[in-house]
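Below: the structure, in structure tokens.
Letters go in sequence order (proteins before strands), and every chain restarts at 1.
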Amino acid sequence: MRGLTRTVTMVAGISTVALLAAACGGGSGDKATSSSAGGKAGGAVTVRGCNPQNPLIPSNTTETCGGNVLDAITAKLVHYNPETGAPENDIADKIDTTDNQNFTVTIKKGYKFQDGTEVKAKNFVDAWNYAAYGPNAQSSGYFMEPIEGFGDMQCAGTDAEDPCKGFTPKAKTLTGLAVKDDYTFTIKTTEKVSNMPVRLGYSAFSPLPDTFFSDPKAYGEKPVGAGPYKLDSWTKNTEIKLSKFADYSGKFGGKLDAITFKIYQDADAAYTDVQANNLDVTDEVPSSAMIDDKYKTDLPDRNAQKAVGVIQTITFAPVKVDPNYADPKIRQAISMAIDRPTIIKQIFNNTRQPATGWVSPVVDGYKANACGEYCTFDAAKAKAKLDEAGGFKGGKMTIAYNADASHKAWVEATCNSIKGALGVDCVATPVVDFSTFRGNIAAGKQKGMFRTGWQMDYPSIENFLAPIFKTGASSNDGKYSNPEFDKLLTEAAASTDAAQANQKYQEAEALLANDMPAIPMWYSTATFGWSDKVTGVKITAFGTIDFSSLALK
Amino acid sequence: MTEASTIAVSAEAGQPVGGQADEGRSLASDAWRQLKGNPIFWVSVSLITLFVVMALVPQLFTNVDPGAAVLKEARAEPGADAWFGRDIQGYDIYSRTVYGARASILVGVFSTLATVVIGLVMGVLAGYYGGFLDTLVSRVTDIFFAIPLLLGGILFMSTFPNDQNTPYLVVVGKVVLVLSVFGWPSIARLMRSSVLQVKPNDYVQAARALGASPWRIIRSHVMPNALAPVIVVSTINLGVFITAEATLSFLGIGLTPPAVSWGVAISDALVAVRTYPHILLFPSLFLSLAVLAFIMLGDAVRDAFDPKSR
């Protein structure tokens with residue numbers, strides 16, 4: 001369930017910039033996506049941080065606050081290049097497969113954890129087993145789902161609140177993982193997975209040192225990884241200090257000696273500090289500074305904006321929960337009644353791009369205009385479509401959102417747009433906070449429409465389709481089920497040729513336009529601001545700071 | 001001031017003060033004479049009348065629907081099309097501000113009425129009967145006094161949040177309830193001390209000697225003479241309640257959209273404060289004027305009722 005919280009708040013950093021320069025078109029273009037390269041080595045900078053939700057365990061961190069820190073600390077098998085977006089081997093020497101189902105991973109020798117021990121095959125297998133084991137309740141555990149034996153490690157107790165209560169899963173380890181020797185292990189998946197190597201750069205797949213297993217709690221306070229920076233101290237609610245790891249042997253080290261995450265509760269405060277040169281980089285520009293691009297005059301030549309792998313959608317409640325929206329024609333009518341460009345201009349100050357499909361343009365396999373005319377505002381056509389469907393029978397439409405993040409403005413504007421075009425009353429309905437909101441959706445209590453967002457876990461078209469729209473998938477909030485769609489996804493996953501797989505995924509995406517399980521709204525962008533002191537600020541496709549290029553002037 | 005006809009001549013007011021020897025003037029009629037000549041009184045009364053009319057029939061002031069959003073013209077500056085400009089959603093600010101008066105006035109008036117009623121009853125009971133009842137009421141007021149009005153409001157409103165389907169009057173009712181629950185003790189204390197002051201007077205003793213029932217004594221002798229400070233304080237309180245309502249709405253826990261209120265408007269305007277301050281200006285201005293009007297009225301009335309200030 002990655003990526004459904006606040007506006008863009010989530011995850012660890014990955015980058016797929018390759019397509020961006022070509023695909024993002026409008027906005028600030030590629031010129032502004034980074035400040036000039038270079039800068040001297042060494043020195044210390046401060047960047048905006050926020051309070052991690054959970055202890056800093058890679059497999060239990062699904063939000064940016066903790067993810068940004070872990071990203072600098074950990075090294076994974078695969079690293080996503082911030083320039084080209086291609087996955088590059090980091091710890092992995094090679095990942096071999098012939099059938100997309102059996103993978104042999106060989107890791108490089110000489111990688112060290114920050115506690116001095118060497119990274120071995122066992123560290124990966126143990127870490128993944130820990131993440132997958134149900135009673136450990138790791139929020140990223142579902143990433144291990146494709147690996148054989150995952151099902152037997154899950155809780156299936158009778159307690160509705162906690163299925164792990166009084167229940168011990170059949171297995172404690174994944175049968176699909178096997179250590180061959182210190183530097184080789186194999187992965188066997190339940191079904192064919194064409195993009196397995198791409199997925200392995202996600203933070204949940206980080207190796208964990210042996211010390212972790214003796215005391216996970218202590219590890220959560222002071223995580224140890226094999227990445228370019230190590231954690232020195234973490235003062236709760238104040239700051240997290242990192243310093244350069246001297247024995248880092250990978251290719252993706254940074255220039256800085258120390259990075260301090262200063263924890264802010266409020267984006268405005270961080271922004272003001274950047275203006276005053278008290279903070280070096282903020283990865284969030286508050287909406288007060290977004291209006292009329294005020295930040296561009298506040299921070300001349302010290303700002304950048306880039307598209308990130310996030311899409312916002314409006315999902316319809318499952319037909320069983322709310323039959324009023326069952327007719328695809330009604331759904332298409334609503335989609336056509338939303339004036340995306342105007343909302344983006346007036347509410348988001350052009351920091352979004354109107355969505356033309358269900359997949360973010362930053363990923364490999366993206367095809368523009370999958371949604372076609374249904375995602376283009378046309379009040380007359382929308383009204384005609386609604387009349388064709390026999391009008392809306394539910395009285396008034398509702399769009400629910402979580403009130404603990406800044407969604408109110410756009411939901412209200414969207415409702416006003418629908419009201420104006422269709423003549424049906426539409427109400428923006430706040431739900432007190434994110435967890436209640438998600439709880440209502442999961443329990444099938446949320447009627448009408450509700451906002452959903454997806455931030456990619458790894459840069460692949462598959463990540464925007466399978467977890468959200470496949471029958472029974474973990475984030476299939478609208479309980480969408482289409483056998484033809486599922487079939488195409490399975491075929492694509494089995495395909496050994498990337499281009500062929502992408503084509504199948506695109507065919508599957510095209511099916512969504514007929515059924516409209518969710519309305520694509522827009523793709524997000526991240527906006528950064530930085531102080532006079534730093535250079536080489538780059539935004540990754542996740543909207544995170546690229547620490548390998550960040551340096552002092 | 002409807003009590004004018006029933007107010008008896010009080011001990012102090014009845015005596016010729018400073019050479020004013022007019023016979024048969026009650027405290028209230030004296031106060032009225034004083035008020036009539038006070039320009040502040042007239043300014044505040046006309047403002048209050050304006051806001052009350054605005055709350056009752058907003059259609060008199062604008063024919064623009066406050067819910068009609070023109071997103072394309074969002075954040076427009078004041079102009080001929082929209083007198084006060086448009087806000088972030090493209091709503092007409094003038095229309096929103098006019099319609100927003102209703103919530104504030106409703107909350108202000110009803111909270112004041114409720115606090116006065118509860119406070120009066122409690123204060124009179126405590127002051128007139130004394131003894132155990134007095135101790136009980138006084139301790140209860142102490143307990144409520146220990147909780148600041150705004151903190152209590154935040155606690156209450158976040159424990160019982162509104163949702164979209166809550167009817168307008170229930171939303172307003174909740175705010176009124178919480179403000180009354182935490183606002184009555186000051187009135188009760190004031191009334192109690194006022195009653196204690198009036199009770200030993202000769203005319204009260206005389207009435208008792210003549211065999212009047214406690215109810216009659218309270219109604220026709222104690223109340224009219226002890227009411228003045230309560231009237232003054234509750235008029236000022238009315239302004240305070242309007243501010244408290246706006247504060248709660250600003251925090252997102254008082255009135256919630258689609259209800260239109262000044263507090264909500266101010267809260268929505270905050271993101272644009274650096275770039276389009278006019279969105280914030282108009283609801284704030286109206287809020288300040290309304291509060292100011294009630295406080296000025298309270299001030300004028302206090303001056304009129306207080307013989308010492310003449």
Self-check item: Pair R274(B) + D298(A), salt bridge at N-O below 4.0 Å
Solution: yes
Exercise. Check each of T414(A), I347(A), D339(A) against L71(B) using the side-chain contact (heavy atoms from CB on, under 4.5 Å) test, and report the only one that passes.
Key: I347(A)
Quiz item: With side chains defined as the heavy atoms from C-beta onward, is the minimum distance between E412(A) and Y91(B) less than 4.5 Å?
Solution: yes
Quiz item: Can a donor-acceptor pair be found between the side chains of K294(A) and T275(B) at a distance below 3.5 Å?
Solution: no
Quiz item: Are there more than 12 heavy atoms of other residues, nucleotides or ligands under 6.0 Å from atom NZ of K408(A)?
Solution: yes
Self-check item: Over 12 foreign heavy atoms within 6.0 Å of CZ, F61(B)
Solution: yes
Exercise. Against chain B, work out which of G420(A), P286(A), A409(A) has the most heavy-atom pairs shorter than 4.5 Å and name it.
Key: A409(A)
Quiz item: So, for N416(A) and A69(B), which heavy atoms are closest and what is the spacing to 0.1 Å?
Solution: ND2-CB, 3.4 Å
Exercise. Give, for atom CD of Q346(A) and atom CZ of R86(B), the distance between the pair rounded to the nearest 0.5 Å.
Key: 11.0 Å
